[in-house]
Amino acid sequence: MRFRSYMDEALAEARAAGARGEVPVGAVIVSPSGAVVARAGNRTRELSDPTAHAEVLALRAACAEAGSDRLPGHDLYVTLEPCPMCAAAISFARLARVYYGASDPKSGGVEQGPRVFSHPQCHHVPELYDGIAAKESAALLQEFFRERRT
């Protein structure tokens, strides 16, 4: 089977989040058949909910669609390295693979910081692929924060 990236869809969700005044992070969950089953962008400010990260919102929607709290065989495409909270949720959902764009040296939880998937308490470790559309993902974030500093 040939690899197909869904990062363009995740980037579209990130752009929409940024247009709403949210930190521009987007996520897409893809079923084993290749269908996009959920998509989301950050909505922490809009929902007054610190857990409303793109990954968590997409997981909630995909789990509701599947009628299950687990998503074996599903893939997550996200524009920024998941934070520790999102990494734990990804593990609990039993996602097969995580593809992410930009690394997050400040708040990442996968390759940076606590490295959630490396802990012995982590029950499930997905395959990880980083750097997918990393430049575009990082540029969205940099532009968003640059505009807020001026």
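The basis for the numbers below is simple: all heavy atoms, side chains too, and nothing from hydrogens, waters or symmetry mates.
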For Cys122 and Ser91, the nearest pair of non-hydrogen atoms, with its separation, is SG-OG, 3.4 Å

Output for pair (His74 NE2, Ser33 OG), nearest 0.5 Å, gives 8.0 Å

Does Glu81 reach the main-chain N or O of Gln112 with its side chain, forming a donor-acceptor pair under 3.5 Å? yes

Minimal non-hydrogen separation, Ala62 against Ala38, with atom names: N-CB, 3.7 Å

Side chain to side chain, Ser137 and Leu80, heavy atoms closer than 4.5 Å: no

For atom CZ of Phe144, is the number of surrounding heavy atoms from other residues, nucleotides or ligands below 6.0 Å larger than 12? yes

Which pair of non-hydrogen atoms, one from Ala58 and one from Ala40, has the smallest distance, and what is that distance? N-CB, 3.8 Å

Would you kindly confirm whether Val30 and Ile90 end up in one hydrophobic cluster when ILVMFWY residues are joined by side chain heavy atoms under 4.5 Å apart? no

CD of Glu13 to CD of Glu22, rounded to nearest 0.5 Å, is 12.5 Å

Nearest heavy-atom approach of Pro24 to Thr79 is O-OG1, 4.0 Å

For Val78 and Met7, work out which heavy atoms get closest and say how close. O-CE, 3.4 Å

Would you check if the side chain of His124 reaches a backbone N or O of Leu95 as a donor-acceptor pair within less than 3.5 Å? yes

Return the set of residues passing side-chain hydrogen bond (donor to acceptor under 3.5 Å, both in side chains) with Asp104 (not counting sequence neighbours), or none when no residue passes. none

Measure the acute angle between the ring planes of Tyr99 and Tyr129, then classify it against the limits of 30° and 60° as parallel, tilted or perpendicular. parallel

Between Asp69 and Phe92, is any pair of side-chain heavy atoms under 4.5 Å apart? no

With hydrophobic residues grouped by side-chain heavy-atom distances under 4.5 Å, do Val25 and Val28 end up in a single group? no

Ignoring hydrogens and angles, tell me if any N or O in the side chain of Ser68 forms a donor-acceptor pair with the backbone of Arg70 under 3.5 Å. yes

Heavy-atom distance under 4.5 Å between the side chains of Glu127 and Asp75, does that happen here? no

Check whether Tyr100 reaches the backbone of Leu128 with its side chain - one donor and one acceptor, N or O, closer than 3.5 Å. no

Could you walk me through whether Arg43 and Arg20 pass side chain to side chain contact (heavy atoms under 4.5 Å, CB included), step by step? CA-CA 8 Å; Arg43 291 186 180 272; Arg20 292 190 303 271; 3.3 Å; yes

Show the numbers, then the answer: is there a side chain to side chain contact (heavy atoms under 4.5 Å, CB included) between His123 and Arg94? CA-CA 9 Å; His123 298 291; Arg94 307 298 198 262; 4.0 Å; yes

If you measure from OH on Tyr6 to CZ on Arg39, what distance do you get to the nearest 0.5 Å? 10.5 Å

Distance (rounded to the nearest 0.5 Å) between Arg97 CZ and Leu76 CG: 11.5 Å

Taking a hydrophobic cluster as the set of Ile, Leu, Val, Met, Phe, Trp and Tyr residues connected by side-chain heavy atoms closer than 4.5 Å, whether directly or through intermediates, do Ile132 and Leu11 fall within one such cluster? yes

As a quick check of understanding, evaluate side chain to side chain contact (heavy atoms under 4.5 Å, CB included) for Asp8 and Tyr77, giving each step before the final call. CA-CA 9 Å; Asp8 284 343; Tyr77 289 81; over 6 Å; no

CG of Leu59 to CD1 of Ile29: how many Å apart, nearest 0.5 Å? 4.0 Å

Return the set of residues passing side-chain hydrogen bond (donor to acceptor under 3.5 Å, both in side chains) with Arg60 (not counting sequence neighbours), or none when no residue passes. Thr51

Quick check for you: to the nearest 0.5 Å, what is the distance between Asn42 atom CG and Asp49 atom CG? 11.0 Å

Heavy-atom closest pair, residues Pro50 and Thr44: O-CG2, 4.0 Å

